[in-house]
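Lettering follows sequence order; numbering is per chain, from 1. Everything quoted here is computed from the prediction, not taken from an experiment.
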2 protein chains.
Amino acid sequence: MTNIRDIAKMAGVSVTTVSRVINNHPYVSEEKVSAVKAAIKKFNYHRNINAVHLSKGKTHLIGVVVPFSNHPYFGLLIEGIANAALDHNYKLVLIQTNYEETKEMEALRMLEDKQIDALIICSRICPWDVIESYSVYGPIILCEDSRNNKISSTFIDHYKTFTMALDYLYQKGHQQIGYTIGRQTGTNSSQRDAAYKDFLISNALCFEPNYIFTNRFDVEDGVNVAEHLLDMKNRPTALLVTSDQVAAGILTGCRENGLAVPDDLAIMSFDNQPISRVMHITTLEIPFFEVGKKLFQQALNGKEAAHEEVQVRLIERKTV
Amino acid sequence: MTNIRDIAKMAGVSVTTVSRVINNHPYVSEEKVSAVKAAIKKFNYHRNINAVHLSKGKTHLIGVVVPFSNHPYFGLLIEGIANAALDHNYKLVLIQTNYEETKEMEALRMLEDKQIDALIICSRICPWDVIESYSVYGPIILCEDSRNNKISSTFIDHYKTFTMALDYLYQKGHQQIGYTIGRQTGTNSSQRDAAYKDFLISNALCFEPNYIFTNRFDVEDGVNVAEHLLDMKNRPTALLVTSDQVAAGILTGCRENGLAVPDDLAIMSFDNQPISRVMHITTLEIPFFEVGKKLFQQALNGKEAAHEEVQVRLIERKTV
DNA sequence: GCTTGCTCTGAAACGCGTTTCATACCATAC
DNA sequence: GTATGGTATGAAACGCGTTTCAGAGCAAGC
């Protein structure tokens, strides 16, 4: 393999000059530029990018931590980040954790080792203090409300959003409202839980533990919720569903079992994925591209912790 | 930042010995091992991974080219590859092309620059000869039948599969069979097209150009197909659909418009994604995890071109 | 006529871990 | 008693591009 010194020799210039030509530095005479370019072409020279990385201490690589890649929520988030990265000539290193803490630690260690310039964590398992301790090595951006912490974030205020959605359902006459959620831990979930409980209290409603369906991620989980509903004596009249996929499953399950939507059960969902459009599901739109863009922007700028709130938008369709 | 030489000095050993300790080389005495480990701990030393990459000429990074990240097909493929990568301590660099040739070229150039050890292309736009010309720089693996080329692949024989599916529909009494497909170009599509045309000929059926729906990727495209169908005088009685998402859309569209499935229209789909299970769509299962695993395996082994065929499996449900 | 400041160039230092090669010691093997 | 081979260790070379620093040449400004 030819290296920069070979090219310098061939072109009759110094290594510095070759480097300048490669990096479009202005102060190189035309003749040397063409001599270097000719040599590069002749020997099909390509700089060893790892040497560049070592020398510059940067890799133009940004780590993206997701629990799964095949879930539409994360797929869309990745797509949003990927598109922002494209524009800035950055590449993404995908770190799929399956929610295993060791994998998340590996991602943090990649930041420490300077294998990535920044780290975007779309969903976290590690505790705050661990993540904070790694933030000295480079920007870490989270996708959850971290205003109480020293880590940057692009987030949706799920307390506010959930409250808004619950109020909306309440105004439509619903008093028996339940919700489905993915995992129970995590900032987003606890914000939602808090909003739910506060809503019940301020409207003097009873807490029904079996109105809450946890670990619902997928269409099939949604069908399962619908089947559960059938067996309930005192069924909720409305459900807040934290993913369009789950909502689509519930809707399908209801239809198959003769439960009318929205008359027997109102469904309000999250995300506004294509499936919700097709199935006319009322949903709260998350602007994934905007989120992805902001996450990337923060990863790029780094330095001080910043917090970007993103607003959701209610899209009224036919399930409420 | 402390480097390996600092640690060597602190521990009173040579740089080589430090390197040996880090890499668990056997020939180091216990006392030196502990001295080095102590120094590493004391100074919180972490080796600069970019120096390792430069020195070794490897990055433990594998590039994965996809047109989109948010499509369930690619999401599942990525998930399969990511899981295989996890087991082997490799990381994935996600290169989203949006089917732009320049982006795919960038991925090839990353291989040339040694930024990635291998490249998996899930869907390709560049012509064969271009891809072949880059295969000298490292393993390139494709996700399409490349038995005619010098590039490795894990693939599904779409000619065989399509033929099988068409025969199945024919045996069920269908003579007016159409199909939907994503993009028209590409090996997979032309194999399918060839299978379709051969099927028509060998069964003495007429070619109806408007039985073919191109550029159908998503649920919404599926709904659109259903709406198209309504306007047709001489409607197909069965449709082969190359994605569960599209099939779900068609099914939804049919139901909304009073077209009975399978009586008015039979639907046979591909992938066996969760949505097809929930909606009881008859589909041809693609074993994504197996595909992902094999793709990764080939990327790892590299060297000579190899071809791995993967079989699909018919899953009979309620749409045929 | 002298200062300032831009253009152009290259030697040398820098970023840093791995690997080869040489060497030395000690213990079996014959 | 000598050859053989494993254990243990370090100096130096290697992978390679970027950047700093120093200096030369030339033109515009006062």
Please report, to 0.1 Å, the donor-acceptor pairs under 3.5 Å made by any side chain of residues 80-95 of chain A, with sequence neighbours excluded.
{"unit_1": "A:Asn83", "atom_1": "OD1", "unit_2": "B:Gln96", "atom_2": "NE2", "d": "2.7"}
{"unit_1": "A:Lys91", "atom_1": "NZ", "unit_2": "B:Glu106", "atom_2": "OE1", "d": "2.8"}

Between the protein and nucleotides 24-26 of chain D, which nitrogen or oxygen pairs come in under 3.5 angstrom?
none

- prompt: So B:Thr17 and B:Ser14, side chain to side chain donor-acceptor pair (under 3.5 Å) or not? Walk me through it.
  reply: CA-CA 5 Å; B:Thr17 300; B:Ser14 73; 3.2 Å; yes
Could I get a table of every N or O pair under 3.5 Å where one atom is in the protein and the other is in nucleotides 10-14 of chain D?
{"unit_1": "D:dG10", "atom_1": "OP1", "unit_2": "B:Lys32", "atom_2": "NZ", "d": "3.4"}
{"unit_1": "D:dG10", "atom_1": "OP2", "unit_2": "B:Ser14", "atom_2": "N", "d": "3.2"}
{"unit_1": "D:dG10", "atom_1": "OP2", "unit_2": "B:Ser14", "atom_2": "OG", "d": "3.3"}
{"unit_1": "D:dG10", "atom_1": "OP2", "unit_2": "B:Thr17", "atom_2": "OG1", "d": "2.6"}
{"unit_1": "D:dG10", "atom_1": "N7", "unit_2": "B:Arg20", "atom_2": "NH1", "d": "3.4"}
{"unit_1": "D:dG10", "atom_1": "O6", "unit_2": "B:Arg20", "atom_2": "NH2", "d": "2.9"}
{"unit_1": "D:dA11", "atom_1": "N6", "unit_2": "B:Thr16", "atom_2": "OG1", "d": "2.7"}

query: Closest heavy-atom contact between A:Leu54 and B:Ala51?
result: CD1-CB, 3.8 Å
- prompt: What is the distance from CG of A:Asn23 to P of D:dG17, rounded to the nearest Å?
  reply: 11 Å
Proximity to the side chain of B:Lys56 - top-ranked nucleotide from D:dT9, D:dG17, C:dT18: C:dT18
message: Mind checking if A:Ser19 touches a base, just sugar-phosphate, or nothing, with heavy atoms under 4.0 Å?
response: base
- prompt: Separation of B:Asp113 atom CG from D:dG15 atom P, in whole Å?
  reply: 18 Å
Proximity to the side chain of A:Arg47 - top-ranked nucleotide from D:dT18, C:dT18, C:dC16: D:dT18
- request: Could you label the plane-to-plane angle of the B:Tyr137 and B:Tyr134 rings as parallel, tilted or perpendicular, counting under 30° as parallel and over 60° as perpendicular?
  value: tilted
- request: Using atom CD of B:Gln115 as one end and atom P of D:dC16 as the other, report the distance to the nearest whole Å.
  value: 16 Å
- line: Which of D:dG17, C:dC16, C:dG17 is nearest the side chain of A:Ala51? It is D:dG17
query: Atom CG of A:Leu54 and atom P of C:dT18: how far apart are they, to the nearest Å?
result: 12 Å
Return a table of donor-acceptor pairs under 3.5 angstrom between the side chains of residues 29-39 of chain B and protein atoms on other chains or two or more places apart.
{"unit_1": "B:Ser34", "atom_1": "OG", "unit_2": "B:Glu30", "atom_2": "O", "d": "3.1"}
{"unit_1": "B:Ser34", "atom_1": "OG", "unit_2": "B:Glu31", "atom_2": "O", "d": "2.9"}

message: Distance check needed: C:dC8 P versus A:Glu30 CD, whole Å only.
response: 9 Å
- request: Figure out the CD1/P separation between B:Ile4 and D:dT9, and round it to whole Å.
  value: 15 Å
- request: List the steps, then state whether side chain to side chain donor-acceptor pair (under 3.5 Å) holds for A:Arg47 with A:Ser19.
  value: CA-CA 10 Å; A:Arg47 60 188 182 166; A:Ser19 179; over 6 Å; no
query: Does anything in residues 104-127 of chain B pair up under ring-ring contact (aromatic ring centres under 6.0 Å, His included), and if so which pairs, sequence neighbours excluded?
result: none
- line: Rounded to whole Å, NE2 of B:His25 lies from C1' of D:dG6 at a distance of 12 Å
Partners meeting ring pair (Phe, Tyr, Trp, His ring centres under 6.0 Å) with B:Tyr99 (sequence neighbours left out): B:Phe68
- prompt: Between D:dG17, C:dC8, C:dG17, which nucleotide has the shortest distance from any of its atoms to the side chain of A:Asn48?
  reply: D:dG17
- request: Provide, to the nearest angstrom, the distance between the CD1 atom belonging to A:Ile49 and the P atom belonging to D:dG15.
  value: 18 Å
query: Within less than 4.0 Å of OP1 or OP2 of D:dC16, is there a side-chain N or O belonging to A:Tyr45?
result: no
task: Using a strict 4.0 Å threshold on nitrogen-to-oxygen distance, state whether B:Arg147 and B:Asp157 make a salt bridge.
output: yes
